There are 2 protein chains.
Amino acid sequence: MEKEIANRLSDREVRFTKGRQEVIAALVASDGPRSAAELHTIIGNKVPLSSLYRSLAVLEETGVVVPHFATKGLARYELAEWLKGHHHHLVCVDCGAVEDVEVPTMVERRLETIVTEVATTSEFLPFDHALEIEGRCSRCA
Amino acid sequence: MEKEIANRLSDREVRFTKGRQEVIAALVASDGPRSAAELHTIIGNKVPLSSLYRSLAVLEETGVVVPHFATKGLARYELAEWLKGHHHHLVCVDCGAVEDVEVPTMVERRLETIVTEVATTSEFLPFDHALEIEGRCSRCA
DNA sequence: TTCCTTGCAAACGATTTGCATTGGA
DNA sequence: TCCAATGCAAATCGTTTGCAAGGAA
């Protein structure tokens, strides 16, 4: 996976520096989106936050990571769909943790059908959808 | 609708002051969630932002409004479901505007089925769900 | 009077930026 | 060599809070 990312960056003449590699490694190891502060901790406080934000900005512009906003004023980042596959999120209303869920292809198809149906009733051109399931995670239940 | 809100507040011994009424009026007139800054403009810059935030906090605690986070970590508020009904959102990837969509009951049922199916495969107790449809709105298309 | 609410300004946390320095092709 | 990437500190943005003044019960 780091290989595909390296190629993507080099195609766009963007360097895959050490700092950027650490961000990617941290995201690959995560089972859900992570905020800059969380990544900062995971990486071990080596990389200053400002550099982390800069790495995330570059990776976002290159289409490698994508921001996600589910809980109060915090951007969390995750690998783009072409890297980690299409998925949805379980958002804990108590602790704010966000976890990925894979949805079986069959179910995903039904969901796409719904999205199409909903969008045709409005003047809106849909490209994507996100299903956020809110509830309580196993730790908070 | 303002009547139901007034009752809810008085039941909880919370005053329905002029500032709070203006926030509600602005939200009732909107077709999607609105940020504090947007409400500030709609209301006409009369109410200072800090008071607006305080009104929103009280209305949120009383269950009259709910926050929504779709773009750039900006909080946008809308009337709670018991007031405006269950609905979903169309999020424009260009301008960031968020608009409500009503989903026919039949379709909504299918969506609930999907949510239940997805959640049973994980240790997660779902109470609610939000379907965000990302695309381009009629103005940006 | 006694709380609750407001306005203003200052404080806050998350994120961004300017600038001088470092590092890679 | 030369431009991009970094670290640090200061700035910015959205949001929150302390405090003194205003208003309702």
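In what follows, every chain begins at residue 1, and chains take the letters A, B, ... in the order their sequences are listed. Just so it is clear, the structure is predicted and the values come from calculations on it, not from any experiment.
Salt-bridge annotation for B/Arg76 and B/Glu38: present, with a side-chain N of the basic residue lying under 4.0 Å from a carboxylate O of the acidic one. Remark: A/Glu123 does not engage B/Arg139 in a salt bridge, criterion side-chain N to carboxylate O under 4.0 Å. Using a 4.0 Å cut-off between a side-chain N of Lys or Arg and a carboxylate O of Asp or Glu, A/Glu78 and A/Lys84 qualify as a salt bridge.
The interatomic distance linking B/Leu49 (CG) with C/dA9 (C1') rounds to 13 Å, in whole Å. Atom pair A/Glu13:CD and D/dA5:P shows a separation of 11 Å (rounding to whole Å applied). Counting to the nearest Å, the C1' atom of C/dA14 and the CD atom of A/Glu38 are 13 Å from each other. Rounded to a whole Å, the CD atom of A/Glu61 is 13 Å from the C1' atom of D/dA4. Rounded to whole Å, the distance from OH on B/Tyr53 to P on D/dC13 is 13 Å. Atom CZ of B/Arg34 and atom P of D/dG14 are 17 Å apart (whole Å). Taking atom CZ of B/Phe16 as the reference point, atom P of D/dA24 lies 16 Å away to the nearest angstrom. Per the geometry, CZ belonging to B/Phe69 stands 14 Å off P belonging to C/dA14, to the nearest Å.
Projected onto DNA chain C by closest heavy-atom contact, B/Arg20 and B/Ser50 fall at different nucleotides, the more 5' of which corresponds to B/Arg20. Mapping A/Ser51 and B/Ser35 onto DNA chain D by nearest heavy atom places A/Ser51 at the nucleotide closer to the 5' end.
Taking the side chain of B/Arg15 as heavy atoms from C-beta on, and the options D/dG23, C/dA14, D/dT15, the nearest nucleotide is D/dG23.
Put simply, the side chain of A/Arg54 and the base of C/dG18 share a donor and an acceptor less than 3.5 Å apart.
Just one of B/Val65, B/Val64, B/Ile24 meets the side chain to side chain contact (heavy atoms under 4.5 Å, CB included) condition when paired with B/Leu83; it is B/Val64.
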* **side chain to side chain donor-acceptor pair (under 3.5 Å) evaluation trace for B/Glu108 with B/His86** => CA-CA 9 Å; B/Glu108 185 60 36; B/His86 182 70; 2.8 Å; yes
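B/Ala75 comes within 4.0 angstrom of the backbone, heavy atoms only, and of no base.
Distances shown here put every side-chain N or O of A/Thr17 at or beyond 4.0 Å from the OP1 or OP2 atom of D/dA5.
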